[in-house]
Amino acid sequence: MTGTERPTRARRATPAARIIALVAATALAGTSLPARAQKGPPIVRDAEIEQLLREYTQPLLKTAGLAQQNVQSVIINDRSFNAFVADGRRIFVNAGALMDSETPNQIIGVLAHETGHIAGGHLARLREQLANATTQSILAMILGVGAMVAAGRSGNSSSGIGQAGAAALAGPTQAIQNSLFSYLRAQEDQADRAGVKFLTATGQSAKGMSETFKRLADQTLYQTRYISPYTQSHPLPSERVAALEGMARQSPYWDHKDPPALQARHDLMRAKLYGFVERPDTVSRRYPPNDNSLAARYARAISTYRFGDPRAAVAQIDALIQAQPQNPYFHELKGQALLEAGRPAEAIAPLRHAAQTAPSPALIQIMLGQALVATRDRARVDEAVSILQTALTREPESSDGYSQLAMAYGQKNDLAHADLASAQAAFMRGDVKTAREIAARAKTRFPVGSPGWVKADDIASYKPPQSAFMRN
Ligand SMILES: [Zn+2]
């Protein structure tokens with residue numbers, strides 16, 4: 001997993017370790033980023049969790065007629081409960097929403113409701129304006145980093161986005177939550193109805209959706225200290241909660257339980273997030289030492305790896321592998337722990353195994369490429385180049401992948417391709433100025449008109465558009 005803090009001495013011990021690596025999920029071409037967002041948004045990238053979310057969302061999207069839209073789930077490293085759609089292509093889910101959902105069915109219910117908003121064309125005008133915005137700039141806006149200045153200039157002062165832009169300057173997050181992503185009461189009812197319909201059509205219960213919204217509504221009623229951002233954008237009056245429960249109970253699947261195998265994967269996902277996101281004392285309260293479940297051991301192993309002794313962590317992970325040898329993500333974790341403990345040569349075998357067995361291995365391949373590069377072994381550099389190129393075809397916006405590729409080419413003394421990959425890395429993390437400078441140098445190293453020269457020229461001559469929120 002990347003995108004989470006790992007505050008240990010290993011950071012000093014391993015210069016090659018890309019420990020925090022706030023990987024931009026999609027730093028797309030064609031948009032500019034606000035300066036303060038250029039380090040990338042706090043997005044969690046993780047093969048295991050993304051795979052599970054794909055399996056949660058795909059049946060819903062299919063039954064909603066949205067299968068062709070290639071909707072991606074993006075996980076935000078934020079402990080609060082939130083999930084939202086900003087355009088028709090991305091469902092943002094806070095780590096906190098996944099951690100607070102006890103069953104797959106609970107979070108699937110939330111995803112069904114969000115799918116209802118997409119299918120219903122709610123906030124369509126906003127969606128259209130955001131269609132070309134990057135994940136980074138949408139997040140910058142939601143997190144109140146100031147991207148709204150650009151939106152405010154778009155001239156649509158009568159539209160929601162123009163008003164939100166002006167409001168955002170005064171008080172970013174609150175204003176955005178309240179005006180930009182707020183649904184009308186009628187839209188909430190419609191999304192609830194659509195959500196229940198999608199769940200029923202896919203043979204799933206709407207009980208989890210009903211439970212979750214009831215819990216959030218109760219929180220709003222009885223707690224003043226913590227109010228979920230979700231309830232600010234999705235108003236949850238008690239009549240709505242009651243109507244939803246009534247509808248959900250009519251489904252023939254009301255009492256259906258999640259399949260045990262899916263529940264087990266869900267438990268592992270939550271444990272992983274606890275391990276990566278929370279401090280050790282919180283992890284050991286949630287997963288006390290006498291809890292010998294696989295999930296508890298997973299959370300503790302991750303916490304040990306983040307905060308404790310790498311040797312102890314590897315021993316704990318080995319025990320997980322022994323319990324479930326076919327789980328690719330235990331091997332991945334072992335490789336990550338070894339890599340970040342400065343033992344890249346030992347990380348290669350577990351990462352290779354994980355990359356060969358995980359269903360969508362691109363992120364694991366990038367880590368494997370990093371391990372191969374970190375050994376500085378010339379015999380491994382060709383494999384590194386090949387595996388990174390494969391990964392980048394699936395993750396074409398991975399700044400991290402390009403950085404590792406640049407190092408691999410550097411080890412081969414192929415300075416033209418090293419420069420090109422460095423320029424692509426800078427471009428993908430939103431540093432257009434550096435990208436253009438390196439691309440200009442790369443151009444001088446390639447024969448004029450060659451494929452590398454053309455790619456370098458694209459970046460060197462790239463001009464950022466005026467606004468991230470305007471269609472050109
Ligand atoms: Zn809603």
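Order of appearance sets the numbers: ligands from 1, and atoms from 1 within every ligand.
With 2.8 Å as the limit, E188 counts as an N, O or S neighbour of the Zn ion (ligand 1). When distances to the Zn ion (ligand 1) are checked against a cut-off of 2.8 Å, H234 contributes an N, O or S atom below that limit.
A 6.0 Å sphere centred on NZ of K455 holds no more than 12 heavy atoms belonging to other residues, nucleotides or ligands. By the 6.0 Å contact criterion, CZ on R394 is open, its count of non-hydrogen atoms from other residues, nucleotides or ligands being 12 or less.
Relative orientation of the Y230 and F81 rings is perpendicular, given thresholds of 30° and 60° on the angle between their planes.
For the residue pair I459 and R436, the shortest heavy atom distance occurs at O-CG, 3.3 Å.
Centred on the Zn ion (ligand 1), the NE2 atom of H113 and the NE2 atom of H117 lie at an angle of 100°, reported to 10°.
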